[in-house]
Amino acid sequence: WASFVYLSGPIAPILAEDLGVAVGAAGLVGTALAVGMATAAATGPVAIARLGRDGAARLGLVVIACALAAIALVPTLIGGVAAYGVILALLWLGATGGGTVVNASTARLSDKHREDSARVITEANAAAGWVGLFSPLLLGVALGAGLGWWVGVAVCGVAAVAALTGLVVADRIEGASAFAGGPDATPDPLAMVVADEAYEAPADEPSKGIVGRGSLPRIFWLAMIALFAAVGTEFAINFWGSTLIQEQTGAATATATAAMSVVVAGIAIGRTVGSWLAARVGPHLMLLGGFGLALVGFSVVWSATVLA
């Protein structure tokens, strides 16, 4: 999924140019991704209820792989605005699968690593960032070699198939461990439910469920604003960073696209050290420092006239 997301940004202006669509229409790629993730949020619970978390994650990976394969084939069948419209629909479909993968995988990690779920999920996001940095790099190499943007799409499709294979193998190994009753065996979900239902909390123990209705604290809304700003900044740079590099420095399309891997590397570094830093300086100082560093970095990029 990270490979898919970090490929979609750099490829957007290239698609628009190759298919003869206005550059401004390249922003619709981001819209297709957003709508796809919203679709996954709406349909994900149904998929998880019917297929389970593992099945939903597998289905999402299959959808990503099929969408990427179809995107690579579209220009060989049709062209122009019609091809761009079909590709947008396929991007929406792939993002729906990707959102399903994220939702199912996050829930799975949280369930299997209950005490360390925050750390594990953060590390998974960091690992995804390190994998995703290869997408713009490989896309730039393909463009520089004159192979076309479809090569980068095909490589991401292969990554989705590899992830699906790894998930299937991991599930089989885990299933064998549970069957053998080893120390790493997965607890019986039914037994856990029965135990939870049989437990009666003491009268003086606060409820862990919904305690009532009321307005959310102010810190929640401040955190949401920070989250929106961070995500908006990430996607704005992801989709328009290569165009900015070309306009500011005059770099070739292939070079500017490959340079976007540096941006993804920065994201991966932030995710890698984020949990460690938050535990030592606190989330508030970390957020202020992160936004300050982003502001300085963006100012340098905005005013730069050379790529080095």
Side-chain angles (χ1 to χ4, degrees), residues 1-16 26-37 40 60-61 63-65 67-69 71-72 87-88 90-102 105-106 121-144 148-164 230-246 251 253-272 274 294 297-298 301:
W1 170 236
S3 300
F4 182 91
V5 169
Y6 294 123
L7 172 79
S8 301
I11 208 174
I14 300 171
L15 275 176
L28 293 175
V29 171
T31 303
L33 291 181
V35 174
M37 287 186 280
L61 288 170
V63 170
I64 293 175
L68 288 170
I71 289 172
I87 289 175
L88 288 177
L90 291 170
L91 285 170
W92 162 78
L93 183 63
T96 301
T100 302
V101 171
V102 171
S105 299
T106 302
I121 291 173
T122 300
E123 291 175 353
N125 282 324
W130 288 113
V131 173
L133 71 86
F134 288 100
S135 291
L137 181 61
L138 292 175
L139 178 61
V141 171
L143 292 174
W149 56 264
W150 64 270
V151 175
V153 174
V155 170
C156 285
V158 172
V161 174
L164 176 61
V231 173
T233 301
E234 176 181 339
F235 275 83
I237 295 176
N238 183 37
F239 280 97
W240 299 110
S242 60
T243 302
L244 177 64
I245 291 173
Q246 292 180 66
T253 301
T255 303
T257 302
M260 289 300 297
S261 61
V262 177
V263 175
V264 185
I267 295 172
I269 292 173
R271 292 177 178 178
T272 301
F298 187 78
V301 172

- Task: Please list, chain by chain and in numerical order, all residues satisfying side chain to side chain donor-acceptor pair (under 3.5 Å) with T243, sequence neighbours excluded.
- Result: none

- Task: Any chance you could measure L91, atom CG, to I71, atom CD1, to the nearest 0.5 Å?
- Result: 4.0 Å

- Task: Please name the pair of heavy atoms, one in A65 and one in G157, separated by the smallest distance, quoted to 0.1 Å.
- Result: CB-O, 4.3 Å

- Give, for atom OG1 of T233 and atom CD1 of I267, the distance between the pair rounded to the nearest 0.5 Å. 10.5 Å

- ring pair (Phe, Tyr, Trp, His ring centres under 6.0 Å) filter on F298, not counting sequence neighbours, yields W302

- Message: Minimum heavy-atom separation for T96 and A40, please, with both atom names.
- Response: O-CB, 3.3 Å

Less than 3.5 Å apart, which donor and acceptor atoms pair up between the side chains of residues 4-12 and the rest of the protein, not counting sequence neighbours?
residue, atom, partner, partner atom, Å
Y6, OH, E234, OE2, 2.8
Y6, OH, R271, NH2, 3.3
S8, OG, F4, O, 2.7

- Looking only at heavy atoms, the pair that brings A126 and T272 closest together is CB-OG1, 3.5 Å

- Message: Applying side-chain contact (heavy atoms from CB on, under 4.5 Å), can you list everything that pairs with V301, at least two apart in sequence or on another chain?
- Response: L244

- Query: Shortest non-hydrogen contact from A95 to A32?
  - Reply: CB-O, 4.3 Å

- Task: Quick one: closest heavy-atom pair of V101 and L61, and the distance?
- Result: CG2-N, 3.5 Å

- Listed partners of A268 passing side-chain contact (heavy atoms from CB on, under 4.5 Å), at least two apart: W130

- Query: From L33 CG over to L88 CG, what is the distance, rounded to the nearest 0.5 angstrom?
  - Reply: 9.5 Å

- A259: what forms a side-chain contact (heavy atoms from CB on, under 4.5 Å) with it, not counting sequence neighbours? I245, L307

